[in-house]
Trainee: 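Take this structure, written in structure tokens, and hold onto it; I'll ask about it next.
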Amino acid sequence: MEKRKVIKKAPLNKRIFAFLIDWYFGWVFAAIPVGWLWNVLTREKTINTDILLFEKPYGLLAGVLGILFGIVYYYVIPLKFEGQTLGKKFLSLKITDENGEALNAKDLAKRQIVGLLLLESPLMLAGNYVTQMITMSTFDVAGTVLNWVKVAILIISCYMVVKKGTAIHDSIAHSMVIEK
């Protein structure tokens, strides 16, 4: 008789700690091109990460670059390193599908880009760049509404984690985080 592999989700406290580490490094990655562009354009020594302070064409460019750098951290790194970001590597965790197997590129994109950076993005700098770009393009109206919608989605996702142990980003990608 064949033994079935038992897959157990990583403990919530380890997942939260990994999230905090990833939040920090994801913020740094997304801020690099924006801060650099601000310094080049203004010759200031302070680092600005608010793309709304840029003149319009440069604010949009800074936003796109910040989003791309955020995608590198949240999507490309776990895609290349067995489902691990720096926080997950540090805590010996990894992102998998519901069977404990490596998450394919499409589902990882759903989880990391759509779920984490877009839907649950009030805490993610790269996700906030999307909202700031919409704000720039719609004279504040849509960006303000979108901010409130994203906060509501984040609250719902936190509730789901507490009640079911699965956030929105894991639900849409059929993924989970396990101990490696």
Side-chain angles (χ1 to χ4, degrees), residues 4-37 49 51 62-133 146 149-151 153-180:
R4 189 168 188 197
K5 186 170 138 182
V6 176
I7 308 300
K8 188 175 178 187
K9 289 182 182 179
L12 186 57
N13 61 340
K14 284 182 83 171
R15 290 170 40 212
I16 290 171
F17 193 52
F19 172 83
L20 292 173
I21 294 168
D22 288 333
W23 170 82
Y24 175 78
F25 283 108
W27 195 96
V28 169
F29 265 68
I32 289 171
V34 176
W36 175 81
L37 187 59
T49 60
I51 66 171
V64 168
L65 292 173
I67 291 165
L68 290 175
F69 272 59
I71 289 171
V72 166
Y73 183 78
Y74 286 105
Y75 176 70
V76 175
I77 289 175
L79 184 65
K80 298 295 181 192
F81 296 97
E82 300 178 15
Q84 292 185 299
T85 53
L86 295 175
K88 287 176 183 57
K89 178 78 172 166
F90 179 70
L91 291 167
S92 298
L93 303 176
K94 73 178 194 173
I95 303 164
T96 67
D97 67 13
E98 292 172 331
N99 298 317
E101 302 298 322
L103 200 60
N104 65 49
K106 180 181 171 186
D107 287 336
L108 185 64
K110 281 191 230 177
R111 182 188 197 277
Q112 300 293 91
I113 298 170
V114 176
L116 195 60
L117 289 181
L118 296 178
L119 294 176
E120 300 170 338
S121 66
L123 300 175
M124 305 297 179
L125 186 59
N128 284 327
Y129 287 150
V130 173
T131 305
Q132 288 181 2
M133 290 170 64
L146 185 57
V149 169
K150 289 180 353 180
V151 167
I153 291 170
L154 179 64
I155 291 168
I156 291 166
S157 188
C158 290
Y159 175 80
M160 288 173 62
V161 168
V162 170
K163 287 295 182 185
K164 296 182 187 177
T166 303
I168 289 173
H169 58 269
D170 283 317
S171 294
I172 64 173
H174 304 287
S175 63
M176 64 183 188
V177 176
I178 64 170
E179 291 187 299
K180 189 169 179 184

Trainee: Identify the residue among Phe17, Phe90, Tyr73 that makes a side-chain contact (heavy atoms from CB on, under 4.5 Å) with Asp22.
Mentor: Tyr73
Trainee: Are any non-hydrogen side-chain atoms of Tyr75 and Leu117 less than 4.5 angstrom apart?
Mentor: no
Trainee: Here's a test for you: under side chain to side chain donor-acceptor pair (under 3.5 Å), which of Glu98, His169, Arg111, Lys110 qualifies with Ser175?
Mentor: Arg111
Trainee: Treating Tyr129 as the side-chain partner and Leu65 as the backbone partner, does any N or O pair qualify as donor plus acceptor under 3.5 Å?
Mentor: no
Trainee: Taking the side chain as every heavy atom from C-beta outward, state whether Met133 and Val130 have any atom pair closer than 4.5 Å.
Mentor: no
Trainee: Mind checking the CG-CD spacing from Leu91 to Glu179? Nearest 0.5 Å is all I need.
Mentor: 9.5 Å
Trainee: Ignoring hydrogens, what is the shortest heavy-atom contact between Gly83 and Lys88? Give both atom names and the distance.
Mentor: O-CD, 4.0 Å
Trainee: Please give me the minimum heavy-atom distance between Ala126 and Ile67, naming the atom from each residue.
Mentor: O-CG1, 3.5 Å
Trainee: Could you grab the distance from atom CZ of Phe81 to atom CG of Leu86, nearest 0.5 Å is fine?
Mentor: 9.0 Å
Trainee: Could you grab the distance from atom CD1 of Ile168 to atom CG of Leu116, nearest 0.5 Å is fine?
Mentor: 11.0 Å
Trainee: Check Phe19 against Met124 and note the closest heavy-atom contact, atom names and distance.
Mentor: CE1-CE, 3.1 Å
Trainee: Minimum heavy-atom separation for Ala102 to Asp97, with atom names?
Mentor: O-OD2, 4.2 Å
Trainee: Within the 3.5 Å criterion, strictly below it, is a donor on Lys14 or Ser92 matched to an acceptor on the partner's side chain?
Mentor: no
Trainee: Between Ala10 and Leu93, what is the shortest heavy-atom contact and its length?
Mentor: CB-CD2, 3.4 Å
Trainee: Say you draw a straight line from CG of Asn99 to CD1 of Ile7; how long is it, rounded to the nearest 0.5 Å?
Mentor: 7.5 Å
Trainee: Which of these, Leu103, Ile178, Leu79, sits in a side-chain contact (heavy atoms from CB on, under 4.5 Å) with Ile95?
Mentor: Leu103
Trainee: Check Ala62 against Val34 and note the closest heavy-atom contact, atom names and distance.
Mentor: O-CG2, 3.3 Å
Trainee: Can you measure from OG1 (Thr96) to CG (Asp170) and round to the nearest 0.5 angstrom?
Mentor: 9.0 Å
